[in-house]
Amino acid sequence: MSTLKNDTGWNSTYRKDSSYVSYFQLLSEVEKNQTEVNQIINDLQNNTGIKSSAVGAGTPSSYYRILSGGFDGIDNVNQIIGQFEASTGVKATAKTIKSSQDYYQVLSGGFDGEKKVSQIISDLKSNTGVNANPKPIGAKENYYQILSGGFNGEANVNQIINNFKSTTGINASAKLIRPGGVYYQVLSGSYTGEDNVNQVINQFESSTGINAVSKPVASDYYYKIFSGAYNGEATANQVVSQFEADTGVNASVKPIKSSLEKYFRVLSGSFKEEENVQGILDDFQASTGIQAQLKPLGSPLDYYQIVSNGYTKEVQVKEVIQQFEDSTGKSASYKRLESGLFEIISAPVLGKAEAEKAVAFFTDSEYSAAYSLTGKQGYAKFDIVTEPVLGDSERDKALQYFQSHKYFVRYEDTGKTGYTRFDIETAPVLGKQERDRLVKYFEDRKSFVRSESTGQKGAIRFDIVVDPVLGIEVRDKVLQFFQSRNFFARYENKGEVIARYDVVTDEVLGESERDKVLNYFNDRNYFARAESTGEQGYKRFDIETDPLLGTTERDRILKYFKDLKYFARAVDTGKDGGGRYDIVTDLVLGDAERDRILKYFQDKKYFARSVETGEQVYEKYNIVSEPVLGASNANAGINFFKNRNLAISSQKTGAVEYYYTMTISHFTGQTRATNAVNRLKDLYGWNPVAVVLKKGPQIMYTDYTKTMKEMLDFQLTYASPQTDKYRNDPAYVFGEYVDVKTGKITANRVNVRSTPSTKDGDNIVQTLNTGDDVMVIGKTGDWVEVRITWKNAKPSDVEYYLDPNNFSMDSNTYYQFLKLSQYGGLTAKEINEKILKGKGILEGRAQDFIDAAKTHNINEIYLISHSLLETGHGESTLATGVTVNNKVVYNMYGYGAYDSCPLQCGAQKAYDEGWFSPREAIIGGAAKIAQNYINVGQDTLYKMKWNPYATSGNVHQYATDIGWAYKQVYSFYELYQLLDNPTLYFDVPVYR
């Protein structure tokens, strides 16, 4: 049990059973060597877990070592050992029995050139069988190549090369540097414009691979064209843009100094009502083309909304609205209340005086009415202020508009000036033809135009001159290029030339060889130069033989070199070559193996003898197992031996082991219990069984045929998900749209951003409207730093709360999947004793909640949780009874108890619904709760929030807060914890 505790952390108990299992011992006699027996013992343990040991049987055999000798020379003895091992499969080693001979190395030198020394080494190997290696003498030197030229005529250069080879013994070759033949030069012309001729040259060079150049043959003056005067810089810039697009010539706008005028700002006011003045502003801008804006006057006023109720007929309420609008000029609408009565709601009214005037309409007509603040503000009067306009004519145009409409208007000098008329000046163009083209451009458009020369000249016509080409074939190819394009072309004969060659020698090694070759050419008054090839080599070499064993071999090689008249000497390497050797084999087992090895040496006429080591081994062994528990394990061992055709027997030892039953912990849920069973199997090989002690929750999974990505995209597109997760993070509003003193937003659709920047839309976290509140932190440049509670949720935040896999069944957050449409089956006794005891008027009313749950298919704990919250644990006035029309009514869920009239409206709702007893209020209120969410399919907190059935036209979600369902579970989770063994029904969504 302690092992189980250490391995798993689980507690356990056990009890002894009456049944038991016997121990067995296995015995097998095998004719195998010790190594094979050991392998059987290892395989038995690995395959069956049975441990065993081996005991020798019968007469043991002896080990022998065979010795043969003596053999001269280490190479010789190693060769004999190799043949012995290959023939017998037995390893052997050499043993020195006589002092060794020295190794010598013969050295000969010095030889000129790598080729010569390589040939001498090759001859040495062929004639003596001895290997040798070249040994460079001195430092490396550079390889060079000598070039001499240029020599006219192929016969002449070949004669020079032959003379060079016969004199120096060095090879050389001829390199053509200029072919012989007749050269021609082709000329083509005449081309107008430098760009044009350059384009033809580029095409020619790309097509033929032959170089060509342009040659000016005619020139003309550069000209500038001037056009004016244009009203307004924008007009002039527009003309320039069109001119440049049409002609491909650049131009610029220049102000006319005499057209300098003042900037004015025109102001008109005071206009009432923002909607009215906005229409005037739009008409002014459309009529004049002058931009302007509204400027509010005075302090902002509050907006109010007037509500009048108590109307019983729809015809009546429509008639009252028409009278209200005709009398006050304010619009209004109506709605039907749950009580069946009608209520009139006015559009927002600006200012308390106007609100009181609107209320007076109803009170004067003997209707009840009241006004309340909307939380928004606006201005009663506005001025219209234009953007600065340039010049008297624009100023007068704006004044004329307001004066013609009988509006007050004035203007003011801004103190700034600007130009009203502009000229256009082109970039310089070359030649009269281009000048006349541009002049005609402006004349065709009825614009004033003139031109003048800059005094500078440029080439306007060009010829093309091709590099000289060799031969008629290439000449005609060049002519064909121009003639095929209808260009004029001709050629000139540049005369005949003889082929010209350079002489290039083979590589020579070292500066002395280089200078010898250079002197050869210099002595004959030929130009010559040397170039290093970048490679290096040695000029002289010695020869070193491989080590030679003994003086006889040494003297033989020395004589070889001396016979060839080469210098040679010998050096002692200091290495011991070995003299005479015996061969000693590895151990062999048994007389038969000993005699086989002795016969091998005797057949080859080698001396050999055997030596007994004193070690002995058995040819048979008995394998005996340790005690094996149980017949099944013993049978596994028996089958192991039988499968290998080995004899086997077994017998009981007389020892036994009793069975025990172990009970381990308690596990919640079938998955955990199954995992525990599998773990015990893996750890100990047991076959445990899980027994149900107590039933858990009933879980269903609903597949809404949507992927998680589709569900997430829908929420982001249609549901405007919000979060308070980032309420303490900085946020920014552009300074023009927030009143830093009141913390009020001053415009509609104002973007709140996470950074003070409008470079992209990724930083928008919320959109606010006029009158919305923010907490002002401070100013950051043109921006105001604020704090707001609710912000647009990030996709990752939405996905976290949307994904059911993020909420473990072990946590209270799993209760957001609890089916509120499923009656839980709790008893009235348990609810009364553990939940409703001491809860005011709700005490003892468990059966009423159970009946309500059964009647309307709502979870009873949810109804109780809702009621406890709304009634203040059964103590509120609405819950304990309110008299309406001489009848006491009860409201157990706060239904109809609006913030503006909680007691009166909640009591009236109870009266209208006929809730004249606590039971009627509990059951009747449950019906109202069911009809809006529970019985339309949204029967879990998760579905109320996310509504998997939602469409783009009907989102129908209880809240925009992404964490709403997560936050709502705690109250009725706590109630469930008070109960002993409630049956829980969960509906968990599945996304594909």
Side-chain angles (χ1 to χ4, degrees), residues 272-278 294 296-309 321 324-325 328-335 337 343-362 368-382 720-724 726-728 731-753 764-777 784-792 894 896-905 957-961 964:
K272 294 183 178 180
E273 297 191 8
E274 188 171 0
E275 290 184 4
N276 180 42
V277 72
Q278 184 64 49
L294 300 181
L297 302 176
S299 299
L301 301 177
D302 291 320
Y303 272 102
Y304 295 84
Q305 193 170 52
I306 292 84
V307 177
S308 176
N309 50 34
I321 288 175
F324 172 77
E325 291 177 343
T328 65
K330 312 296 182 184
S331 61
S333 59
Y334 71 93
K335 70 175 182 179
L337 303 176
E343 183 177 75
I344 295 176
I345 305 101
S346 76
V349 176
L350 182 62
K352 190 171 183 179
E354 288 296 307
E356 290 175 343
K357 185 190 301 182
V359 168
F361 165 82
F362 289 104
S368 64
Y371 61 80
S372 61
L373 289 168
T374 66
K376 297 182 179 181
Q377 291 186 317
Y379 292 88
K381 293 185 178 182
F382 296 85
S720 184
Q722 303 290 299
T723 183
D724 56 358
Y726 306 106
R727 58 185 176 275
N728 294 320
Y732 300 89
V733 177
F734 196 68
E736 291 185 6
Y737 304 129
V738 61
D739 187 331
V740 296
K741 293 182 179 179
T742 64
K744 299 284 187 181
I745 297 298
T746 60
N748 287 327
R749 298 199 59 76
V750 173
N751 289 325
V752 182
R753 300 175 182 268
I764 297 174
V765 298
Q766 188 56 278
T767 301
L768 301 177
N769 293 310
T770 302
D772 288 343
D773 292 312
V774 296
M775 179 188 293
V776 175
I777 303 301
V784 175
E785 182 180 348
V786 300
R787 295 290 186 274
I788 58 175
T789 300
W790 295 102
K791 296 181 180 179
N792 298 333
Y898 304 114
D899 291 343
S900 58
C901 56
L903 185 60
Q904 178 184 352
C905 294
Q957 294 183 357
Y958 195 89
T960 58
D961 179 8
W964 179 82

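All of these numbers come straight from a predicted model, not from anything done at the bench.
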Using 0.5 Å steps for rounding, measure from the CD1 atom of Ile344 to the CG atom of Asn309. 9.5 Å

Does Asn792 use its side chain to pair, donor to acceptor, with the backbone of Val765 at less than 3.5 Å? yes

Mind checking ring pair (Phe, Tyr, Trp, His ring centres under 6.0 Å) for Tyr303 and listing every partner two or more places apart, or none if nothing turns up? none

Applying side chain to side chain donor-acceptor pair (under 3.5 Å), name anything that partners Asp772, two or more places apart in sequence or on another chain. none

Relative to each other, are the rings of Phe362 and Phe324 parallel, tilted or perpendicular (30° and 60° limits)? parallel

Test applied, side chain to side chain contact (heavy atoms under 4.5 Å, CB included); reference residue, Val738; option that passes from Thr746, Val752, Leu768, Val774: Val774

I'd like to know if the side chain of Ser308 and the backbone of Ser368 have a donor-acceptor N/O pair within less than 3.5 Å. yes

Given the rule in the side-chain contact (heavy atoms from CB on, under 4.5 Å) test, do Trp790 and Arg727 qualify, once you have shown the distances and angles that lead to the verdict? CA-CA 7 Å; Trp790 295 102; Arg727 58 185 176 275; over 6 Å; no

Please lay out, stage by stage, how Gln377 and Asp302 fare under the test side chain to side chain donor-acceptor pair (under 3.5 Å). CA-CA 4 Å; Gln377 291 186 317; Asp302 291 320; 2.9 Å; yes

Taking all atoms of both residues into account, what is the closest heavy-atom pair of Leu301 and Ala380, and its distance? CD1-CB, 4.0 Å

Among residues at least two apart in sequence or on other chains, which ones pass ring pair (Phe, Tyr, Trp, His ring centres under 6.0 Å) with Tyr726? none

Is any side-chain heavy atom of Val733 closer than 4.5 Å to a side-chain heavy atom of Val750? yes

Quick one: salt bridge (charged side-chain N to carboxylate O under 4.0 Å, His left out) pairs with a partner in residues 732-752, sequence neighbours left out? Lys744-Asp773

Can you tell me how far apart CD (Gln766) and CD1 (Ile745) are? Round to the nearest 0.5 Å. 10.5 Å

Here the pair of heavy atoms bringing Ala897 nearest to Pro902 is CB-O, 3.3 Å

How many angstroms lie between CD in Glu354 and OH in Tyr304, if you round to the nearest 0.5 Å? 12.0 Å

Do you see a donor-acceptor pair shorter than 3.5 Å between the side chains of Thr789 and Asp724? no

Main-chain N/O of Leu373 paired to Gln305 side chain as donor or acceptor, under 3.5 Å: no

I need the Ile321 CD1 to Tyr334 OH distance, nearest 0.5 Å. 7.0 Å

Side chain proximity check, Phe382 to Gln278, heavy atoms < 4.5 angstrom: no

Under the rule for ring pair (Phe, Tyr, Trp, His ring centres under 6.0 Å), what residues qualify as partners of Tyr732, not counting sequence neighbours? none

Assess whether atom CD of Gln904 is packed by more than 12 heavy atoms of other residues, nucleotides or ligands within 6.0 Å. no

Any idea which heavy atoms bring Glu325 and Ser331 closest together, and the distance? OE2-CA, 3.4 Å

Using atom types as modelled and distance alone, determine if a side-chain donor or acceptor of Asn751 lies under 3.5 Å from a backbone N or O of Ile764. no

Any chance you could measure Lys335, atom NZ, to Glu343, atom CD, to the nearest 0.5 Å? 5.5 Å

Once rounded to the nearest 0.5 Å, what's the spacing between atom NZ of Lys357 and atom CD1 of Ile306? 11.5 Å

Can you list the residues that meet the ring pair (Phe, Tyr, Trp, His ring centres under 6.0 Å) rule with Tyr737, with sequence neighbours excluded? none

Neighbour count >12 (heavy atoms, 6.0 Å) for atom NZ, Lys330: yes

